[in-house]
Amino acid sequence: MADDSSSSAATKTEEKRSWADEESEEETISTANPPPDGNEDSERLDLKKIEVLSITEDKGKDKDDVKDVDKDGGVGLLDNPDDSDIKAVPSGDTVYSSALRFEDLNLSKELLKGIYVEMRFQRPSKIQGISLPMILTPPYKDLVAQAHNGSGKTTCFVLGMLSRVDPNKKLPQAMCICPTRELAQQNQDVFLKMGKYTGITSFLAIPADSANYVPVSKLPPVTDQVVIGTPGTIKKWTSARKLGTRGIKILVFDEADHMLAEDGFRDDSLRIMKEIQGSSIAGCQVLLFSATFNDAVKEFVSRVVKDANQIFVKKEELTLDKVKQYKVQCPDELAKIDVIKDKIFEFGQKVGQTIIFVHTRNSARMLHQTLSQDGFECTAVQGALKQGDRDKIIKEFKDGITKVLITTDLLARGFDQSQVNLVINFDLPVKYDFRSEPDYEVYLHRIGRTGRFGRKGAAFNLLCTDRDRILMEKIERHFNHTIPEVPNWRSEEDFEKALKDAGLL
DNA sequence: AAAAAAC
């Protein structure tokens, strides 16, 4: 691909330290996607315009989640979830202005009603204000958007899909691909709420419960305008010719870095993308959203979607600030379990809900069994469960019926439950193919399950082996952030102090 | 070894 490294100085300087991961990454995309010759000035102007507007935006009014409003009785109490600097890099000479109000976006009145009445939003959050004009303004360029956990990404692409779809045409026009069934379901829930008055319908493309299995060939073709689902099922419906792709004009990848990662869903994602781009009549806009984009994926992304608008968020310090992180040295595995029983159950219930992450399905099952036997009420969810059980456990947790949920990385990404105040890394996340290396992205996503929308949260990393300690050090070094230690794993007072410092007690 | 899906 072309690599015009003489791309505008504005692009480079504006972008400095804008990505989450490392400084060295920043130039990867800017140089890989140089603006067309002669556009340097407009580039610079575009950047200025967006940044100036975004800075003048109201603070403390943003929100992303209706539960937020319901349970807190007012988002004004929350900090702005995305105070961080957002750097927008338009790819061409289109001028975009950040939307300060939803009225600025030319949305239908039905959609506005959904936004205000159902979602109870007041104004676009920063990422929404900047990304929505890019999504909705012709010539509908592709978009790579990084926004930190809990800042309102879902709203961006759901609104994007809803406003680009023609309700009068009964065929799929928008598609959203997600890494887990749970996330697909959650996104559809948001879609249904926001699009309630639009008459636009959706199809949830996840595997049917095996109990009432019907071959796809026996099912009617999809006529819903929006499809939300997981890669395998979308592929299956497409190849069975029950899911037409010719009308698709907007294709969203949620958790896009994972969807395009080599050890993620890259092959499936590319196949679906190619299929749609090959058949789409009007041409298809691709939107890639995630809180994280590591070096490798970023490089790949810049080759997959060339000439894309880009939004980068300097967000890792912010995420790490909002969620107070701790490490706890434990002499052995049993001590870890004691910490869960005596400290986490003790304090966790007081402050809200807790998610405990473990490495394998089996350890999720085992830990659940151990805790349940001793009368500690909790549930566990992992991919080996039947879909019905997965759904039930998730629903109980989202309804607040269960307070402590044990899970694998099934729920590491995207899972949105504002009442979660505590995240426990019972096992630290490690790279799939190199287990002495931490998985930095998964770490960030896991702790991002708490501290949503500017709310307070705490994360405890339970360490017992030397390996754990080394992993933890690497994580601290990577994010350039020293994680304080709970001095004594047996001490009530130490945990109490930690939670107080986190603002939870 | 997580995750999705597979009939």
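Chain letters run A, B, ... following the sequence lines, proteins first and then strands; every chain starts at 1. Quantities reported herein were computed from a predicted structural model and do not represent experimental measurements.
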What distance do A:Asn461 atom CG and A:Gln325 atom CD have between them, rounded to the nearest 0.5 Å?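 So the CG of A:Asn461 and the CD of A:Gln325 are separated by 6.5 Å.
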Roughly, in whole Å, what's the span from [atom1] in [X] to [atom2] in [N]?
X: A:Asp254; N: B:dA4; atom1: CG; atom2: C1'; result: 15 Å
X: A:Asp268; N: B:dA5; atom1: CG; atom2: C1'; result: 8 Å
X: A:Asp427; N: B:dA2; atom1: CG; atom2: C1'; result: 12 Å
X: A:Leu410; N: B:dA5; atom1: CG; atom2: P; result: 11 Å
X: A:Trp237; N: B:dA6; atom1: CH2; atom2: C1'; result: 16 Å
X: A:Phe426; N: B:dA2; atom1: CZ; atom2: C1'; result: 17 Å
X: A:His258; N: B:dA2; atom1: NE2; atom2: C1'; result: 8 Å
X: A:Glu255; N: B:dA4; atom1: CD; atom2: P; result: 13 Å

So does [X] get a side-chain nitrogen or oxygen closer than 4.0 Å to the phosphate oxygens (OP1/OP2) of [N]?
X: A:Arg390; N: B:dA4; value: yes
X: A:Lys236; N: B:dA6; value: yes
X: A:Thr360; N: B:dA2; value: yes

Tell me what A:Asp263 touches on the nucleic acid: a base, only sugar-phosphate, or nothing, going by heavy atoms under 4.0 Å.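 Contact class for A:Asp263: base.
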Checking all strands, does A:Pro207 fall into the base, sugar-phosphate, or nothing category for heavy-atom contacts under 4.0 angstrom? sugar-phosphate
Find which nucleotide of DNA chain B each of A:Ala208 and A:Thr180 is nearest to by heavy atoms, and output the residue with the more 5' nucleotide.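 On the 5' side of the pair lies A:Thr180.
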Side chain of A:Phe265 only, heavy atoms from C-beta on: which candidate in B:dA5, B:dA2, B:dA4 is closest? B:dA4
If you check the A:Tyr213 side chain, which of B:dA2, B:dC7, B:dA5 turns out closest?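 Taking heavy atoms from C-beta onward, the closest nucleotide is B:dC7.
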In terms of side-chain geometry, is the basic nitrogen of A:Asp268 or A:Arg271 positioned less than 4.0 Å from the acidic oxygen of its partner? no
Test: A:Asp257 and A:Arg413 ion pair at under 4.0 Å: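 A salt bridge links A:Asp257 with A:Arg413.
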Do the ring centers of A:Phe460 and A:Phe495 come within less than 6.0 Å of each other? yes
If you draw a 6.0 Å radius around CD in A:Glu262, do more than 12 non-hydrogen atoms from other residues or ligands fall strictly inside?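 Open: at most 12 neighbouring heavy atoms sit under 6.0 Å from CD of A:Glu262.
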